[in-house]
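Here is the structure we will look at, set down as structure tokens.
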Amino acid sequence: MKKPLIFILVLILSITGFSQTTLQYNLNVGDSFAIRQDSEQIITQDISGGQQIITNDITAEMSFIVTKVENSLFYIEMKYQTLKMKTSSPSLGVLMDMDTSIIPDSTDVQGRIFQGLINSPITMVMQKNGKINALEGTEVLIDNMIKNAGITDPNTITQVRASLDQQWGDNQLLGNFEQMTFIYGDNNATVGDNWENEYTGKMKSKNKWNIASIIDENTTIEGASEIEMENTNAGATIIVSGSQKAMITVNNKTGLMLEGSTEGICEGNTLISTMPDTKIPTSIKFKNNYKTIK
């Protein structure tokens, strides 16, 4: 799958009414919302005394609707509405520039693959604290991406599916979505209250949360995390670790995020499969911004 304004007098007057409210998701069938995510990743690799810098800029708009509530679990259908991805480098130029709001021509296989993401439903099965138990529909999502690209050769389909599964399969998407949803513990909403949880997947993190402020019907939550990331792509594996800070404002009644931001830095190495003894020093700086737009 990211700063609070401290009004001391307002804070003192406002926290009393919410001091015993449990922070969690309170959703009903038919509830709908949409989130916009803007992300920037800057990857720096030290190669032969020089630096190679790669910047990834990603913007996505996602719609959500609650389709079922059962046994304290929310079934939420999610669809990508738009997705923009640009990869560039000062030395290499623009490596990829994709926008699903622009219909690609028949020769743009990559563009047509990503076009297949749009409006293909995935269902999240989510607990009240935001932990996601399962995803349903990722296989169909990947099928749609391959079908939309017009790929028919069985060997090519197998290769493309394996590559797409690394980015859009259950494990990857579940981890991405939990970074937007899994922010609650079993605690009352009291300023200064704190709790911990963990994310798994390609980005593993141990998170410490605390309530920074409660103003009217909104709560601002701060987070600090120790993170580890591992990503394999095109014969190279990046393994890094570091830290992340988060600031998230939520609605007390529904538990839905109003806006949030995360930023951090990780350092480690890139390992090349054909050069097992070579380690390329690598750092990743990232920023994510989230906002509920509907």
Side-chain angles (χ1 to χ4, degrees), residues 1-2 14-15 17-37 60-82 117-138 140-141 170 172-190 193 195-201 207 209-223 246-262 288-294:
M1 299 120 22
K2 40 192 123 174
S14 300
I15 62 174
F18 297 97
S19 61
Q20 296 302 315
T21 299
T22 300
L23 279 177
Q24 62 182 13
Y25 290 94
N26 296 294
L27 304 173
N28 299 301
V29 173
D31 287 350
S32 63
F33 54 99
I35 292 176
R36 176 187 173 103
Q37 175 184 354
E61 292 186 6
M62 299 157 279
S63 64
F64 301 81
I65 183 168
V66 181
T67 59
K68 182 170 67 173
V69 180
E70 183 178 83
N71 298 325
S72 297
L73 295 173
F74 302 107
Y75 291 73
I76 305 174
E77 183 182 271
M78 172 273 190
K79 295 179 181 178
Y80 283 100
Q81 299 300 317
T82 62
L117 280 170
I118 304 306
N119 287 319
S120 184
I122 299 172
T123 296
M124 303 187 301
V125 183
M126 187 181 77
Q127 299 178 25
K128 288 188 174 183
N129 63 3
K131 183 172 178 58
I132 299 174
N133 287 4
L135 291 180
E136 301 171 355
T138 57
V140 175
L141 176 76
D170 283 356
Q172 179 67 10
L173 286 184
L174 190 150
N176 289 346
F177 292 148
E178 277 196 340
Q179 292 179 53
M180 293 190 292
T181 63
F182 188 20
I183 56 177
Y184 298 129
D186 298 323
N187 56 284
N188 293 325
T190 305
D193 199 5
W195 63 97
E196 299 180 9
N197 64 15
E198 294 186 13
Y199 300 151
T200 58
N207 313 302
W209 304 95
N210 73 86
I211 296 178
S213 67
I214 303 175
I215 300 175
D216 297 328
E217 295 184 352
N218 299 333
T219 294
T220 297
I221 301 169
E222 295 178 337
M247 185 75 69
I248 301 169
T249 301
V250 303
N251 179 273
N252 298 331
K253 293 182 178 180
T254 65
L256 292 175
M257 175 179 60
L258 301 176
E259 60 183 356
S261 64
T262 63
N288 302 298
N289 293 302
Y290 304 95
K291 187 175 181 64
T292 297
I293 56 177
K294 179 181 177 183

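In this chain, numbering begins with 1 at the start of the sequence shown.
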Measure the spacing between CD of E61 and CZ of R36 and express it to the nearest 0.5 Å. 5.5 Å
Mark yes or no for whether N251, through its side chain, and L256, through its backbone, hold a donor-acceptor pair below 3.5 Å. no
Between the side chains of S63 and Q81, does any donor sit under 3.5 Å from an acceptor? yes
Do the non-hydrogen side-chain atoms of E198 and T200 ever get within less than 4.5 Å of each other? no
Over all heavy atoms of both residues, which pair between Y199 and F182 is shortest? Give the atoms and the distance, please. OH-O, 3.0 Å
Rounding to 0.5 Å, atoms CE (M180) and CE (M62) come to a distance of 4.0 Å
Give a yes or no answer on whether the side chain of N129 reaches the backbone of K131 with a donor-acceptor pair at less than 3.5 Å. yes
Carefully, step by step, assess L73 and M126 under the rule side chain to side chain contact (heavy atoms under 4.5 Å, CB included). CA-CA 6 Å; L73 295 173; M126 187 181 77; over 6 Å; no
Can you tell me if S32 uses its side chain to pair, donor with acceptor, with the backbone of I65 under 3.5 Å? no
Give the C-alpha distance, both sets of side-chain angles, the deciding distance and a yes or no for side chain to side chain contact (heavy atoms under 4.5 Å, CB included) between L27 and I76. CA-CA 10 Å; L27 304 173; I76 305 174; 4.1 Å; yes
Nearest heavy atoms of I132 and L174, plus distance in Å: O-CD1, 3.9 Å
Looking only at heavy atoms, which two atoms of W209 and N197 are closest? And how far apart? NE1-OD1, 3.0 Å
Considering non-hydrogen atoms only, spot the tightest contact between Q127 and Y25 and give its length. O-CD1, 4.3 Å
Partners meeting salt bridge (Lys or Arg N to Asp or Glu O under 4.0 Å) with K128 (sequence neighbours left out): none
Taking all atoms of both residues into account, what is the closest heavy-atom pair of V250 and L23, and its distance? CG2-CD2, 4.4 Å
Do T138 and D170 meet the criterion of a side-chain donor-acceptor pair at a distance under 3.5 Å? yes
Of all heavy-atom pairs between I248 and M257, which one has the smallest distance, and what is that distance? CG2-CG, 3.8 Å
Partner residues of F64 under the ring pair (Phe, Tyr, Trp, His ring centres under 6.0 Å) criterion, sequence neighbours left out: F33
So how far is it from I293 CD1 to L258 CG, rounded to the nearest 0.5 Å? 13.5 Å
Would you say CG of D186 has more than 12 non-hydrogen atoms from neighbouring residues, nucleotides or ligands within 6.0 angstrom? no
Look only at the side chain of T67 and the backbone of Y75, and say whether a donor-acceptor pair between them is shorter than 3.5 Å. yes
Find out whether L135 and M124 are in side-chain contact, i.e. whether some heavy atom of one side chain is under 4.5 Å from a heavy atom of the other. yes
